[in-house]
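What follows is one structure encoded as structure tokens, with my remarks underneath.
If you read the sequence from its start, that first residue is 1, and numbering goes on from there. We count ligands from 1, going down the list as the structure has it; atoms in each ligand are counted the same way.
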Amino acid sequence: MLKGKTALVTGSTSGIGLGMAKALAAQGANVMLNGFGDHQAAIAEVQAAATGGSVAYHGADMSKAAEIEDMVRACEARFGRIDVLVNNAGIQHVAPVDEFPVDKWDAIIAINLSSVFHATRAALPGMKARGWGRVLNIASVHGLVASANKSAYVAAKHGVVGFTKTAALETATTGVTVNAICPGWVLTPLVQKQVDARAVAEGVSVEEAQRRLLAEKEPSLQFTTPEELAALAVFLCSPAGNNIRGTAINMDGGWVAQ
Ligand code: NAD
């Protein structure tokens, strides 16, 4: 479905972004990966999933506007275009407001929110000129509702949902759509840290900490998987997604229905 198209997926060396990159590559797209950690392993995984497209990597730090711009230009130079932009890179820090480290606040706002603006701003002119594009912003249920001790994350993700609506309005008469995807719990390294911290704090096993984490917020008592989220991304890239604009679609086991 995406043969001849190019996807740039930020934060795709791990977790949800890696799942998105594999699914888009499986649809035939060229994919540019980004993120920290073992990017060679991520490249190999995405290459194994690919069906004709090529895989590239750029190590831009998503807290740095100039590096984001450079990544977008490098992707356009390598593949001639960006058709699908998945703004996915994100970090978490958990602490009450009055104990929240200022540097963590700044980093979360930069990586989880401002990078969405910087990448979209740089990629949008090419999409508009070609008359087709998909911007998929990986927000969170925390773009729709709050949890205690996640002020920076909740503020950033609500910001992503608001940015998504504005960008969707500005592109409403074009072939470019902009939407947000709002996962509940997904068992990635970002969440494993929270499970491990809970196991220690409550003196329980990791399995019990996982069960408690789900029971608190997610009625299905199941983690959403990167593969399920990636299937939603592929759907939004299909012709069925042509007029889905400015939405925040939650895949959250019933979290925000409560
Ligand atoms: P993860 O930790 O597995 O992956 C995060 C990715 O972002 C990694 O590739 C990492 O290298 C990259 N990254 C982090 N900081 C970066 C930076 N400064 N520059 C470039 N890359 C950077 O986490 P995940 O759970 O897959 O999270 C992906 C996205 O999904 C995030 O935006 C997160 O907020 C969102 N999300 C996750 C969950 C969940 O339950 N895991 C739920 C809702 C939303």
| task | Answer yes or no: is there a donor N or O on one side and an acceptor on the other, between the side chain of N88 and the main chain of G11, under 3.5 Å? | result | yes

| request: Walk me through it: do D106 and V102 pass the test side chain to side chain contact (heavy atoms under 4.5 Å, CB included)? | output: CA-CA 6 Å; D106 288 344; V102 171; 3.9 Å; yes

| What pairs with H93 under ring pair (Phe, Tyr, Trp, His ring centres under 6.0 Å), at least two apart in sequence or on another chain? | F100

| said: I'd like to know if D83 and R134 make a salt bridge, using a cut-off of under 4.0 Å between side-chain N and carboxylate O. | reply: no

| query | Hey, are the side chains of S147 and H142 touching, using non-hydrogen atoms and a 4.5 Å cut-off? | reply | yes

| Salt-bridge present (K193, D196; N to O < 4.0 Å) | no

| remark: For ligand 1, protein residues within the heavy-atom limit of under 4.0 Å are G11, S12, T13, S14, G15, I16, N34, G35, F36, A60, D61, M62, N88, A89, G90, I91, I111, I138, A139, S140, Y153, K157, P183, G184, W185, V186, T188, P189, L190, V191

